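For clarity, every value in this text was computed on a predicted model and none was experimentally measured. Chain A is the first sequence line, chain B the second, and so forth, proteins listed ahead of strands; every chain is numbered from 1.
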Protein chains: 2
Amino acid sequence: MTITQQKSNFTDSVEVDVSHNPVYVGVEVAILEQRLPPGMRLAEKDLAEIYGVSRTIVRAGLQALSHSHLVTLRPNRGASVANPSPREAREVFEARELLEPRSAREAALKATKKDIADLRLHAEAEHEAMQENSSGRALRLSGLFHVKIARIANQQTIANFIESLVSRSSLIIALYWTRSSTRCDEHCHNAIIDALERNDPDEAEQLMRSHLVEMHSALQFGVPEARNKNLKAILGQ
Amino acid sequence: MTITQQKSNFTDSVEVDVSHNPVYVGVEVAILEQRLPPGMRLAEKDLAEIYGVSRTIVRAGLQALSHSHLVTLRPNRGASVANPSPREAREVFEARELLEPRSAREAALKATKKDIADLRLHAEAEHEAMQENSSGRALRLSGLFHVKIARIANQQTIANFIESLVSRSSLIIALYWTRSSTRCDEHCHNAIIDALERNDPDEAEQLMRSHLVEMHSALQFGVPEARNKNLKAILGQ
DNA sequence: GTTCTCATAAACGTATACAATTTTTGGACT
DNA sequence: AGTCCAAAAATTGTATACGTTTATGAGAAC
């Protein structure tokens with residue numbers, strides 16, 4: 001027991017590094033792209049086979065995903081893709097409506113030319129995904145746009161909250177989005193970029209707020225239909 | 001590969017359940033009570049001995065703690081108590097100043113007689129901890145008070161964010177609190193309870209805001225002094 | 001006395017074995 | 001057919017073994 005305090009020789013705390021865990025990365029992207037439907041069971045043995053790792057790695061990845069509210073773990077019953085309740089869905093969008101307009105305002109004050117160029121490129125990628133009918137990829141990119149705005153605002157703590165809320169939104173949209181209302185991210189996102197480029201905080205804040213309200217109001221908290229898919233077909237390497 | 005979607009037979013997503021992991025619980029409380037100083041190394045073997053479990057359990061607990069920003073994991077270098085930078089400290093309090101006054105407002109609208117009674121009891125426990133000079137315990141209870149307010153506001157998603165921010169505040173206070181300024185939670189907390197009891201949202205919001213600003217302004221982001229402690233002595237069963 | 005090198009020890013990363021628990025299955029009975 | 005129950009199979013929970021990486025320390029060189 002020779003353990004003492006370590007020298008604080010690193011300035012910034014290092015986040016949990018799960019970026020190298022193939023299970024975490026693969027399942028996260030699959031959820032964000034709506035290839036894995038809410039509620040789908042994620043058996044450890046299957047994931048271990050799919051990614052060619054041991055259950056040790058699988059469990060670490062699943063635990064991390066459950067911290068992000070993307071996966072639900074129940075003792076002795078294993079993991080499944082999270083299944084956010086109507087209440088949780090409402091709360092997530094309420095939280096986004098609280099945090100993101102403020103972030104957009106800050107981003108408008110701080111955005112550099114490089115930031116704007118990056119966002120324009122990103123919007124282009126979103127547009128392409130839409131064109132080629134990759135709706136899953138388009139949805140994930142759309143979420144990433146919101147995270148990028150938050151990162152430009154340079155408040156990492158709040159940006160992390162927003163990132164978590166945005167991720168959960170993919171599941172919420174999968175469950176509660178009304179087929180009738182069509183998504184119009186392209187127009188909204190371009191308008192927000194314009195406001196950032198003009199360094200117009202009021203406009204950026206207001207555009208972000210109405211964009212979120214619009215999304216929120218397109219959700220219908222009824223009973224979602226069932227789905228049924230094959231895990232290996234979805235995640236197959 | 002016979003895995004298909006499970007029946008969504010539970011209404012609310014279940015949180016990660018680490019409450020039964022003795023490492024998670026023990027280390028978390030020790031950090032919140034400032035018995036474990038920022039930066040202190042947490043060797044897996046030592047924790048396994050202390051809590052009488054295998055390294056498997058230790059690693060799961062440490063991973064969960066790192067998601068809460070209470071522990072820092074570095075690949076191949078193990079875990080240590082987090083060491084929030086001045087920037088992170090500032091961000092955490094900025095986020096609290098954004099979220100908690102709003103929660104206090106909501107809580108004032110929703111607080112029941114039972115909620116008020118519970119808060120009064122809690123304030124009493126805080127008072128006792130102060131009296132008997134259990135400053136660590138007092139600090140943890142003080143944080144818990146803020147979490148309880150957020151839970152009364154009945155927005156679990158935001159309450160979870162606040163809980164995370166409050167936990168991190170214990171480390172921030174350990175590092176950056178000025179000895180000169182003395183903590184006066186008792187007065188502030190009682191005033192907030194009074195405002196909640198009167199169902200006065202404006203007052204509750206304002207009291208919470210000034211309480212947080214006062215705490216924030218008592219932080220001094222200089223170089224913290226070093227400490228040196230023995231792990232088994234701190235966590236000893 | 002300091003610094004460098006390399007052997008040794010300590011600690012972490014991952015796979016795997018086995019125990020505990022849950023789920024499934026097959027048959028007896030109503 | 002439908003229900004109940006016990007046995008079998010499947011799945012998760014935990015400990016441990018072993019390879020890899022990092023930290024430590026003794027001795028040589030300067």
Taking [atom1] from [X] and [atom2] from [N], how many angstroms apart are they, rounded to a whole number?
X        : N       : atom1 : atom2 : value
Leu73(B) : dA11(C) : CG    : P     : 17 Å
Leu62(B) : dC12(C) : CG    : P     : 9 Å
Arg55(B) : dT16(C) : CZ    : C1'   : 14 Å
Leu47(A) : dT11(D) : CG    : C1'   : 13 Å
Lys45(B) : dA15(D) : NZ    : C1'   : 16 Å
Gln63(B) : dC12(C) : CD    : P     : 15 Å
Ile57(B) : dT12(D) : CD1   : P     : 16 Å

Which of these, Pro38(A), Ser170(A), Pro86(A), Ser85(A), sits in a side-chain contact (heavy atoms from CB on, under 4.5 Å) with Leu175(A)?
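Going through the options one by one, the only one that passes is Pro38(A).
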Does a side-chain N-to-carboxylate-O contact under 4.0 Å join Arg102(B) and Glu106(B)?
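Glu106(B) and Arg102(B): not salt-bridged.
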Look at Glu124(A) together with Arg120(A) and state whether they make a salt bridge at an N to O cut-off of under 4.0 Å.
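The answer is no: the pair does not qualify as a salt bridge.
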Nucleotide N/O of nucleotides 20-25 of chain C paired with protein N/O under 3.5 Å:
residue, atom, partner, partner atom, Å
dT23(C), OP1, Arg77(A), NE, 3.4

Considering heavy-atom distances to DNA chain C, does Gly78(B) or Val53(A) have its closest nucleotide positioned more toward the 5' end?
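Checking each residue's closest nucleotide, the 5'-ward one belongs to Gly78(B).
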Need the bend value for the helix from dG1(C)-dC30(D) to dT30(C)-dA1(D): angle between end axes, 5 pairs each end, nearest 10°.
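For the helix from dG1(C)-dC30(D) to dT30(C)-dA1(D), the axes at opposite ends meet at about 10°.
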Side chain of Glu44(A), heavy atoms from C-beta onward: which of dA15(C), dC12(C), dT12(D) has the nearest atom to it?
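Given the options dA15(C), dC12(C), dT12(D), the side chain of Glu44(A) is closest to dT12(D).
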For the residue pair [X] and [Y], does the interplanar ring angle fall in the parallel (under 30°), tilted (30 to 60°) or perpendicular (over 60°) class?
X         : Y         : result
Phe161(A) : Phe161(B) : parallel
His189(B) : Phe145(B) : parallel
Phe221(A) : Tyr176(A) : perpendicular

Ser103(B): which residues meet the side-chain contact (heavy atoms from CB on, under 4.5 Å) condition with it, sequence neighbours left out?
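Expected list: Ala150(B), Ala153(B), Ile158(B), Ile162(B).
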Any side-chain heavy atom of Leu42(A) sitting closer than 4.5 Å to one from Leu65(A)?
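No - every pair of side-chain heavy atoms lies 4.5 Å or more apart.
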Measuring to OP1 and OP2 of [N], would you say a side-chain N or O of [X] lies under 4.0 angstrom away?
X        : N       : value
Arg59(A) : dG13(D) : yes
Arg41(A) : dT12(D) : yes
Ser54(B) : dA15(D) : yes

Report the C-alpha distance between Lys110(A) and Asp115(A) in whole Å, list the side-chain angles of each, state the deciding distance to 0.1 Å, and finish with yes or no for side chain to side chain contact (heavy atoms under 4.5 Å, CB included).
CA-CA 9 Å; Lys110(A) 291 172 182 163; Asp115(A) 292 328; over 6 Å; no
